[in-house]
Amino acid sequence: GAVVSQHPSRVICKSGTSVKIECRSLDFQATTMFWYRQFPKQSLMLMATSNEGSKATYEQGVEKDKFLINHASLTLSTLTVTSAHPEDSSFYICSASRGVGYTFGSGTRLTVV
Amino acid sequence: GENVGLHLPTLSVQEGDNSIINCAYSNSASDYFIWYKQESGKGPQFIIDIRSNMDKRQGQRVTVLLNKTVKHLSLQIAATQPGDSAVYFCAETVTGGGNKLTFGTGTQLKVEL
């Protein structure tokens with residue numbers, strides 16, 4: 001079955017630094033990747049949608065200069081949280097789609113101290 | 001046990017009982033719906049899906065019902081087991097509309113021995 005690998009699973013960083021999260025589709029080519037953020041006891045909120053080779057489309061209220069998304073190949077998308085602050089601490093989850101169906105990564109717990 | 005609501009409610013059931021988790025979706029144009037199970041610290045796991053041209057679909061121990069008239073989905077789990085304890089989310093999308101998934105608020109299912 002389709003597998004999506006997300007790394008790292010946990011990261012702690014200092015306020016003001018940047019963190020990169022990787023999302024890889026291991027056995028299929030993902031034409032579209034989605035990035036979500038989830039706060040404790042809340043639902044998944046879509047941050048942005050990225051298609052390979054084009055700029056990501058961000059949801060309303062998501063700062064594109066703060067959350068940089070790169071989708072350079074059909075198997076890899078990255079989310080970089082720039083100048084992270086404690087309020088960016090959250091659970092970030094990617095999802096990959098090849099047009100039909102969605103496969104989710106295992107998530108990244110980001111803690112900004 | 002049965003639960004209705006949009007604010008991450010908790011549904012407690014006895015092991016072996018049937019569980020019914022409800023979801024009200026928002027977009028009348030949505031034509032594809034998915035139920036996900038999310039365990040603590042993990043990404044969502046696909047359970048079952050249904051398209052809008054159906055009103056019922058069955059899987060192994062799970063059944064999804066769709067009522068488009070009132071924009072309502074339910075997930076029925078037969079003979080609930082301790083391993084079913086998790087948060088359950090419904091998700092909706094409009095096929096061809098960027099395929100973005102919109103998640104419901106979720107229900108915490110607790111299975112008591």
Side-chain angles (χ1 to χ4, degrees), chain A residues 1-11 21-26 30-51 54-60 62 79 90-111, chain B residues 3 5-11 21-27 30-52 57 59-60 64 73 75 85-110:
Chain A
V3 177
V4 169
S5 175
Q6 185 174 343
H7 290 282
S9 57
R10 288 178 177 273
V11 58
I21 302 169
E22 288 191 352
C23 181
R24 294 180 183 271
S25 56
L26 297 184
T31 52
T32 307
M33 286 194 176
F34 304 90
W35 287 94
Y36 294 84
R37 181 168 49 183
Q38 186 179 31
F39 293 107
K41 297 193 182 297
Q42 294 189 24
S43 187
L44 284 76
M45 298 301 297
L46 181 65
M47 300 174 67
T49 302
S50 73
N51 293 296
S54 62
K55 289 184 178 180
T57 301
Y58 290 80
E59 295 299 301
Q60 192 173 7
V62 178
L79 167 68
S90 189
F91 193 55
Y92 293 87
I93 308 170
C94 69
S95 172
S97 176
R98 48 187 163 180
V100 178
Y102 308 83
T103 305
F104 284 82
S106 54
T108 297
R109 174 75 60 195
L110 170 63
T111 303
Chain B
N3 190 69
L6 296 175
H7 303 289
L8 197 57
T10 297
L11 173 63
I21 300 171
N22 295 288
C23 175
Y25 65 92
S26 56
N27 188 353
S30 293
D31 59 0
Y32 181 50
F33 305 87
I34 309 172
W35 277 101
Y36 288 97
K37 172 185 181 182
Q38 187 181 30
E39 296 174 307
S40 181
K42 297 183 179 179
Q45 175 187 351
F46 173 92
I47 300 174
I48 192 168
D49 60 357
I50 189 168
R51 297 201 173 273
S52 58
R57 190 158 187 241
Q60 187 176 14
V64 55
L73 272 171
L75 175 69
S85 294
V87 178
Y88 289 80
F89 294 98
C90 66
E92 60 181 299
T93 189
V94 178
T95 306
N99 293 332
K100 295 191 297 184
L101 275 179
T102 300
F103 281 78
T105 53
T107 297
Q108 172 82 56
L109 176 65
K110 293 186 176 180

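All of these numbers come straight from a predicted model, not from anything done at the bench. Labels below follow one simple rule: chain letters A, B, ... track the order of the sequence lines, proteins then strands, and each chain is numbered from 1.
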Legend entry - Atom group of Thr49(A) that falls short of 4.5 Å from chain B, counting heavy atoms: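 Contact with chain B: side chain only.
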Inset, instruction - Identify the two heavy atoms, one from Ser43(A) and one from Gly104(B), that lie closest to each other, and give their separation to 0.1 Å. - result: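 Residues Ser43(A) and Gly104(B), closest heavy atoms: OG-O, 2.5 Å.
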Legend entry - Nearest non-hydrogen partners of Phe91(A) and Gln38(B), listed with the distance: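 Nearest pair, atom of Phe91(A) first, then Gln38(B): CE2-NE2, 3.9 Å.
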Inset, instruction - Sort Ile34(B) into side chain, backbone, both or neither according to what part of it lies under 4.5 angstrom from a heavy atom of chain A. - result: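 Side chain of Ile34(B) only, per the 4.5 Å heavy-atom cut-off to chain A.
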Legend entry - Part of Phe89(B) lying under 4.5 Å from any heavy atom of chain A: side chain
Legend entry - Interatomic distance, Leu46(A) atom CG to Thr102(B) atom OG1 [nearest 0.5 angstrom]: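 One finds 7.5 Å between CG of Leu46(A) and OG1 of Thr102(B).
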Legend entry - Gln108(B): partners by side-chain contact (heavy atoms from CB on, under 4.5 Å), with sequence neighbours left out: Thr10(B), Val87(B), Lys110(B)
Legend entry - Beyond-backbone contact of Pro44(B) with Leu44(A), side-chain heavy atoms, under 4.5 angstrom: yes
Inset, instruction - Tabulate, in ascending numerical order, the residues of residues 32-40 of chain A having at least one heavy atom closer than 4.5 Å to a heavy atom of chain B, or enter 'none'. - result: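 Contacts with chain B: Phe34(A), Tyr36(A), Gln38(A).
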